Every structure is written in C-alpha cells, then in structure tokens.
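Since the model is a prediction, treat every value here as computed from it, not as a measurement.
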Amino acid sequence: MKAKTVPVNFVLQAEIKADPNLSEDDTEDALEQVKDLAEAAKSPNDAEMKNKAKKADRMLGRIISAVLQATKLLEFCNNLLPLITKVFGF
C-alpha cells in the first residue's frame, strides 16, 4: 500500500485553524493567503502568480509576527516561509 502524502497547504491550513492565538480575522486572512499560495504554486514561473505568492508570503509573515506567543504555527511558518521564497525566487 502506497503511503499518502498531505499537501503542505492542508497542513498549514490545519495549523492556522488550530492556533488559539490568532483572532478570527487573522485566521480568515491567513487561510486566504494559503489559498493564494496554493493557486500560485500551480504556475510558479508566471509573473502574475509570482506576484500573488509574494503578497501572500508578506501577509502571512505579518500575521504570524503579530502572534505574541511562540506557537506550533509560528514554528511551522518559520520553516515554510523561506521555502516559499526560494520556490518563487523573491
């Protein structure tokens, strides 16, 4: 039986939804940014998608930096956001 892998965006969405330190608005905003990143990842060389990913990356960074406590989400994003930057080359 082949093991199933879970896309990073699903893991990130779960972490965002589970984080008690995010306000409802921040949770909604962060989930929207994850959606935008997943869409942009389908065409990472497209200029419009690269711009969309760059904006989502910045927004997620701002949301996460506003979280007062070090959380599992913060740890996950600190590992993930540099990878996003590398994939899109910004």
Side-chain angles (χ1 to χ4, degrees):
M1 177 182 255
K2 188 175 180 180
K4 290 185 179 180
T5 58
V6 178
V8 172
N9 62 314
F10 291 146
V11 175
L12 185 53
Q13 287 172 343
E15 294 294 332
I16 290 167
K17 290 176 183 177
D19 195 315
N21 297 304
L22 290 175
S23 70
E24 188 175 323
D25 286 341
D26 285 343
T27 298
E28 288 176 18
D29 289 345
L31 291 172
E32 184 68 30
Q33 301 317 306
V34 171
K35 182 178 130 190
D36 287 350
L37 283 170
E39 182 183 337
K42 294 175 184 175
S43 302
N45 295 319
D46 179 88
E48 183 179 337
M49 291 295 111
K50 191 176 277 197
N51 189 41
K52 185 177 227 177
K54 190 173 187 175
K55 287 179 182 179
D57 179 64
R58 284 194 317 263
M59 180 77 142
L60 278 174
R62 289 180 187 134
I63 292 167
I64 299 310
S65 68
V67 176
L68 297 176
Q69 296 178 305
T71 63
K72 192 173 180 183
L73 174 61
L74 180 61
E75 182 180 325
F76 185 80
C77 286
N78 281 337
N79 292 323
L80 180 63
L81 292 178
L83 295 174
I84 292 169
T85 300
K86 184 177 179 180
V87 167
F88 288 99
F90 50 79

- [ ] Mind listing the closest non-hydrogen atom pair of Ala41 and Pro44 along with its distance?
- [x]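 Minimum heavy-atom separation between Ala41 and Pro44: O-CD, 3.2 Å.
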Would you list the atom pairs, donor with acceptor, under 3.5 Å between side chains in residues 24-38 and any protein atom, with sequence neighbours excluded?
residue: Asp26; atom: OD2; partner: Ser23; partner atom: OG; Å: 3.4
residue: Thr27; atom: OG1; partner: Ser23; partner atom: O; Å: 2.9

Let me have the donor-acceptor pairs involving side chains of residues 48-60, under 3.5 Å, with sequence neighbours excluded, atom names and distances please.
residue: Lys50; atom: NZ; partner: Phe88; partner atom: O; Å: 3.3
residue: Lys52; atom: NZ; partner: Glu39; partner atom: OE1; Å: 3.1
residue: Lys52; atom: NZ; partner: Glu39; partner atom: OE2; Å: 3.2

